[in-house]
Amino acid sequence: MTAGPQAATPYLSAADIRKSFGSHQVLHGVGLEAAQHEIVTMIGASGSGKSTFLRCLNFMEYADSGTIRLGADEYRLGAGHGPSEAQLCRLRARMGMIFQSFNLWSHLSVTENITLPLRHVLKLSAADARARALHYLDRVGLSSRAGYYPNHLSGGQQQRVAIARALAMEPEVLLLDEPTSALDPELVGEVLAVMRSLAAEGRTMILVTHEMSFAREVSDRVLFLADGRIAEEGPPAKVFGDPDTARCRSFVTAALHGKRAAASSPT
Ligand code: ADP
Ligand code: MG
């Protein structure tokens, strides 16, 4: 989190991102800005477009139009625009993504899960990749599980491995898509603890979560997405404590009381 007034220059910004699947328009001009060390959180009902937006941010999905800037690089999206394959590879490495479903390779050990992208994308030597993997496993408290296979770990441990894998790429920004939503309630805490420590070390993060108390604690800014539009945006105290729109108020109230389904949009 940053202290004081909003930091100056956005490091990551997305403007007017639009995306349709067939005739279904999912994003109607969504944007955000994050300065270095800021945590921007997106909340909203299931189906509001949060995952699609994150996937557009790191080009796992191509937006139909809009602009994305990361550091000094700017990409205008749309027909005839967009990064080249080589640029894409580099861009994705600069924005680490953590998924709800961990996405670990089940046939690879914990260490191999982390070293594989280091070897193939960053072209590190086997020894350097292994050393880096062990460093980041230690960072998430899992040094003792280096030789395990994902199936022999709890969900919380698997997600911590996925976080270590993302960190090991030493990205400039972390994108986290509901990292605790697939976990049994008793395992959520260990993942939130790792995320809290990432916040404390000043990581730039874009976070999608239903963990409202956590979001309120760590976020610099919160965006409420509804039907592919940002319906409300502000500091966490405002968005959670005194939202302007009835829709945001009803979502936040329901989410804080663990009744996500009740907050779903009517569409
Ligand atoms: P959220 O993450 O907020 O739950 P999503 O971004 O996953 O929302 O989905 C938004 C809408 O886009 C949903 O209606 C979903 O069905 C649709 N959608 C997402 N991905 C695809 C896809 N690959 N093909 C078709 N529709 C999609
Ligand atoms: Mg989603």
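As the structure lists them, so they are numbered: ligands from 1, and atoms in each ligand from 1. Treat the numbers as computed from the prediction; the structure is a model and nothing was measured.
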- Tyr148 side chain reached by Val161 side chain, heavy atoms, under 4.5 Å: no
- Item | For Asp128, salt bridge (charged side-chain N to carboxylate O under 4.0 Å, His left out) partners two or more places apart | none
- Is the distance between the Mg ion (ligand 2) and the nearest N/O/S atom of Ser46 smaller than 2.8 Å? no
- Which of these passes side-chain contact (heavy atoms from CB on, under 4.5 Å) with Ile206: Thr41, Val40, Ile39? Val40
- Message: Checking one residue: Leu116. Which other hydrophobic residues are in its cluster under the side-chain 4.5 Å linking rule?
- Response: Trp105, Leu108
- Message: Quick test of your reading: applying salt bridge (charged side-chain N to carboxylate O under 4.0 Å, His left out), list the pairs with at least one residue in residues 156-165, sequence neighbours left out, ordered by first then second residue.
- Response: Arg160-Glu190
- Heavy atoms from other residues, nucleotides or ligands near CD of Glu201 exceed 12 (cutoff 6.0 Å): yes
Please tabulate, one line per pair, the protein N or O atoms found under 3.5 Å from any N or O atom of ligand 1, giving the distance to one decimal.
residue	atom	partner	partner atom	Å
ligand 1	2 (O)	Ser51	N	2.9
ligand 1	2 (O)	Ser51	OG	2.9
ligand 1	3 (O)	Ser48	N	3.2
ligand 1	3 (O)	Ser48	OG	3.4
ligand 1	3 (O)	Gly49	N	3.0
ligand 1	3 (O)	Lys50	N	2.9
ligand 1	3 (O)	Lys50	NZ	2.7
ligand 1	4 (O)	Gly47	N	2.7
ligand 1	6 (O)	Thr52	N	2.9
ligand 1	6 (O)	Thr52	OG1	2.5
ligand 1	8 (O)	Gly49	N	3.2

